[in-house]
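All chains are named by letter (A, B, ...) in the order of the sequence lines, taking the proteins before the strands, and each is independently numbered beginning at 1.
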Protein chains: 2
Amino acid sequence: MGTTQLDHQPEPKYRHLKTVLSRALDTEFSVGQALPNERELAARFGVARATLRQALDQLELEGRLQRRRGVGTTVAPPRVGVDVSPRQHTWPGAPGDTWVASDAVRTTPPPAVARALDVPAEEPVEVVHRTLIAHGQPVAAEQLHIPVDVLPPGDEPRGTSGAERARAVLARLGRLDLGGQDRSVELGSAGSDDARRLDRLPGSAVLIVTTRYVAGGRTVAVAVATYRADTCRLTFGNQASGSQAPLSLSAS
Amino acid sequence: MGTTQLDHQPEPKYRHLKTVLSRALDTEFSVGQALPNERELAARFGVARATLRQALDQLELEGRLQRRRGVGTTVAPPRVGVDVSPRQHTWPGAPGDTWVASDAVRTTPPPAVARALDVPAEEPVEVVHRTLIAHGQPVAAEQLHIPVDVLPPGDEPRGTSGAERARAVLARLGRLDLGGQDRSVELGSAGSDDARRLDRLPGSAVLIVTTRYVAGGRTVAVAVATYRADTCRLTFGNQASGSQAPLSLSAS
DNA sequence: CAGTGGTCTAGACCACACC
DNA sequence: GTGTGGTCTAGACCACTGA
């Protein structure tokens, strides 16, 4: 029977639509190609636009489609692999780090971050904003929270914000002795801030990567990074013992 | 000014609704408590049910709500942290592994898996099905693909499928010398198979963890695991060099 | 059975990108 | 402007759960 279908439960229209569209994307479309508009597609399949959109929503969530208001729907390229492994455990901003720091401000952390840092909610922290660009597109936005009292002193630029100040804060953080770090990944939806930075609508799906940096037995920094779930695949580099290293930079 | 709102763009109703509901969940509801039904909520907020559902959809995606057809909507407990780190790099099925193997069948792999395994599409593979249970709920379903020609010989139970056979396949795999492994995480939506195993509707959001196992310089197995995105937080254990180990089992 | 969330319709208007 | 996707409505019926 091959792909048996003894589940005689009526499959919802949008699910069947999704299957049909998915197959069409594989066989009749190429990356970057535009689809007919939603009204046209809905008419062609004989469904209401809302039903068609339910199918498109899922295909977009799976990274198969890219929709832009005022423009149209196109076939999305394969997801970009983004390395998120704690390779040679370094601080953010260390050489080789491809994130771009854009700002640093002193403020009080959100409760969840204060809890992760194990500091009182009123304790001021430095928040460094960074962005990760891949293939010319922003793929992730990060806020790095550091309690002010753990930061070693260092050169302080004038002003209370700005990219220059952000780099100065990272430089000070880098003077600490990094003991370890751990990460977690979960699904979320972009807040309006992150949405703007990621060039997406608020509420779009993101992968939230929370990193805890430990030094001297204490959590000294917490990074909350939101990755575009539609365009990103998070990769965790080879934890191998004796396998070949695929990269050329190795002589540390 | 506090939380400044100089973006005088009209916020969509569903987004405002989401904010209001989110605050209500924090202050007026406790975990497990049931919300009023959707028609009631929509009426109370003076919106169409579809608009309310747009807000509920996002809250569910964020793991704040749990909806069950025929039952109702309840406040979800915090997400379960699930360890996904390659700690002491072991094979699946090794001691300490909490997955439950339910079946193993010999078949031809889907194209994407064949590519990852670097074998021809017709090459038969053993597919071991496993499930991960946490707090009494299934949180992940996995298919582990192993080309038949890399499997060392071993005791073969009668029959062509079943849990017993799955364990036998894992035992044979465990005889290989594990060289390394790498992982990637991306967002997907549950197919009907996974949906059934995870006790969710097809199309619900899942985190797809793909693990490549390497032995003798060759990819010998590929695991594709789908985790319930609503209930799970994937954690990657401490990659520290010299920090305290929080677990008691260490003498290998 | 009654009550819940899930699917679906046929419209309407809005915000945005591009010409 | 025109054309796109995004939001919204007020219904309807279906599938499922549990009493």
Protein-nucleic acid N or O pairs under 3.5 Å, nucleotides 17-19 of chain D:
none

Are any of the side-chain nitrogens in [X] or [Y] under 4.0 Å away from the carboxylate oxygens of its partner?
| X | Y | value |
| --- | --- | --- |
| B:Glu62 | B:Lys18 | yes |
| A:Glu142 | A:Arg197 | no |
| B:Glu60 | B:Arg200 | yes |

When A:Asp26, A:Leu56, A:Val75 are each screened for side-chain contact (heavy atoms from CB on, under 4.5 Å) with A:Arg64, the one that passes is A:Asp26

Spacing of [X] atom [atom1] relative to [N] atom [atom2], expressed in whole Å:
| X | N | atom1 | atom2 | answer |
| --- | --- | --- | --- | --- |
| B:His16 | D:dG6 | NE2 | P | 23 Å |
| B:Asp57 | D:dC8 | CG | C1' | 14 Å |
| A:Gln66 | D:dT4 | CD | C1' | 15 Å |
| A:Glu11 | D:dA15 | CD | P | 13 Å |
| A:Arg67 | C:dA17 | CZ | P | 16 Å |
| A:Arg15 | C:dC8 | CZ | C1' | 14 Å |
| A:Asp230 | D:dG5 | CG | C1' | 15 Å |
| A:Leu201 | D:dT4 | CG | C1' | 13 Å |

Residues 99-114 of chain A vs side-chain hydrogen bond (donor to acceptor under 3.5 Å, both in side chains), sequence neighbours excluded, gives A:Arg106-A:Glu126

Residues 37-48 of chain B vs side-chain hydrogen bond (donor to acceptor under 3.5 Å, both in side chains), sequence neighbours excluded, gives B:Glu38-B:Arg49, B:Glu38-B:Arg53, B:Glu38-B:Arg67, B:Glu40-B:Arg44

Per the under-4.0 Å heavy-atom filter, residues of residues 34-45 of chain A near DNA chain C come out as A:Arg39

In numerical order, the residues of residues 47-56 of chain B whose heavy atoms come under 4.0 Å of DNA chain D are B:Val47, B:Ala48, B:Arg49, B:Ala50, B:Thr51, B:Gln54

Across all chains, not counting sequence neighbours, the side chain to side chain contact (heavy atoms under 4.5 Å, CB included) partners of A:Gln137 are none

message = Please tell me if B:Thr73 has a side-chain N or O lying less than 4.0 Å from either OP1 or OP2 of C:dT4.
response = no

